[in-house]
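What follows is one structure encoded as structure tokens, with my remarks underneath.
Note that these values count all heavy atoms, side chains included, but never hydrogens, waters or copies made by symmetry. Just so you know, ligand 1 is whichever comes first in the structure, and atom 1 is the first atom listed for that ligand.
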Amino acid sequence: AQSPHAPAHGKPHADDPQFAIEPFYGAHQGGIVTPQQAHTYVAAFDLTTAKREDVINLLREWTDAAARLTRGQTAQPLPRADDKPATDSGEALDLGAAGLTITFGFGPGLFTKDGKDRYGLAGKRPAALVDLPRFNGDQLVAEKSGGDLFVQACSNDLQVTFHAVRQLARMGYGILQMRWGQAGFLSGPKGQTARNLMGFKDGTNNPSPKDPALMNQFIWAGDEGPAWMKDGTYAVFRRIRITLEHWDQMEVGFQESVFGRHKYSGAPIGKQNEFDALDLDAQDKDGNSLIPDNSHVRLSTAATNNGQRILRRSYSYNDSTNFYIERWPPWRQETEYDAGLIFLAHQRDPRTGFIPINEKLAKLDMMNQFTTHVGSAIFALPPGAKEGSFIGAELFDA
Ligand SMILES: C=CC1=C(C)c2cc3[nH]c(cc4nc(cc5[nH]c(cc1n2)c(C)c5CCC(=O)O)C(CCC(=O)O)=C4C)c(C)c3C=C
Ligand SMILES: [Fe+2]
């Protein structure tokens, strides 16, 4: 039977997002400045092998598989002998590439773990790949944090997205274990800023990924670090739970004060249009800041952070519900959403990007009444692979 996604005439239509193809090979990895697709699956893995060769072979195989998957092919060639496990689980057959990108990263544990230099890489850890400090209010869950290797798939199709990570995890059998995985989504009309689960446009004041000068200044690693990271970037992941039930009881005017932006237009408070500039000096008739002192945008914008900018590429998540009991007054028991934001930020150096901005937000942001950081990780995302080579080849001198 024909797949419901296969076009009736048998040839993909050029504009059909189901058949869109994003380049895999190139100077930079895909999925960083790529316009955000509708679905993501992020995962972190712990390496269990003690052999450097295993890691190199895995990265070679992952690179080849990712190149195939992003072209809409199976992870490894089919068919395979009936008496062997399949080289692809099959649920994405005929679905098209759906604009799939696959982005790989290296966590601190690849370089040293429990004081051991497992793969002869300890001396190659970039200074920018710091262990993140504990931030005010953090309630991190170890099983949802950290990881030696990072994989992010993004595409226009949920099934294609999960399929990609699932194939890579399967190929690592015996060499690594999945530490955590997280699905996310993002809906918005093409070309417009998508809204997060708090109902606000999220991403408006990002540095434009279409501006190479800005990307070179703030996102792509340059000559300041190891040569193997040049043209790569550093990703900070935070799983941020949002108490939507609480948020939904707030007056819209208060919600706008929390962010410092109008809810429906996305404009800065006091302005008309989404992309109007923030005026941090604007005051109301009583002399109060129009964009409140502890609002999210005032605290995080470049003007109050030594000019520093990060590239946010976040997704919403919705992981069903949990039952909570509080045994102190006001005593209550209720079922609450386990939903929030998969916060992902790319930057040239987290020591000047995410860390100082989040130090401030964690202490002062009005939004903290509604959000709790429960997962955290940091990864070095190496540059893109050259055809015939593999992701991270320069790190392994291969
Ligand atoms: C440390 C970095 C940040 C964390 C953590 C963070 C969490 C977070 N943010 C939103 C929603 C919005 N963020 C917005 C702007 C914004 N956020 C950060 C950084 C962090 N956010 C920055 C640097 C900026 C840009 C500020 C500016 O220059 O104006 C906005 C406004 C619209 C926009 O520009 O994107 C929203 C909305 C949530 C929901 C959240 C955690 C749950
Ligand atoms: Fe934000």
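Cluster membership for F135 and V130, using ILVMFWY side-chain heavy atoms within less than 4.5 angstrom, is shared.
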Extract all donor-acceptor atom pairs below 3.5 Å that involve side chains of residues 387-398 and protein atoms in other chains or at least two apart in sequence.
from	atom 1	to	atom 2	distance (Å)
D397	OD1	K124	NZ	3.2
D397	OD2	K124	NZ	2.9

Donor-acceptor contacts, no H, no angles, side chain residues 104-113, under 3.5 Å, sequence neighbours left out:
from	atom 1	to	atom 2	distance (Å)
K113	NZ	D46	OD1	3.4
K113	NZ	D148	OD1	2.9
K113	NZ	D148	OD2	3.1

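In summary, R261 and E256 do not engage in a salt bridge, as defined by a charged side-chain N under 4.0 Å from a carboxylate O. Using a cutoff of 4.0 Å between basic side-chain nitrogens and carboxylate oxygens, K144 and D319 are not scored as salt-bridged. Classification of R298 and D281 as a salt-bridged pair fails, no side-chain N sitting under 4.0 Å from a carboxylate O.
Looking only at protein N/O/S atoms, the ones less than 2.8 Å from the Fe ion (ligand 2) make 1 in total.
Contact between L381 and Q29 at its shortest, heavy atoms only, is C-NE2, 3.9 Å.
Using a 4.0 Å heavy-atom criterion, the residues that approach ligand 1 are N196, M198, F200, K201, D202, G203, T204, N205, I240, I242, F259, R261, L278, H296, V297, S300, T301, R312, L341, F343, F354, I357, N358, L361, M367, T371, H373.
Distance OH/Y234 to CD1/I378: 9.0 Å, rounded to 0.5 Å.
Looking only at atom types and distance, the side chain of K360 has a donor-acceptor partner in the side chain of N305 under 3.5 Å away.
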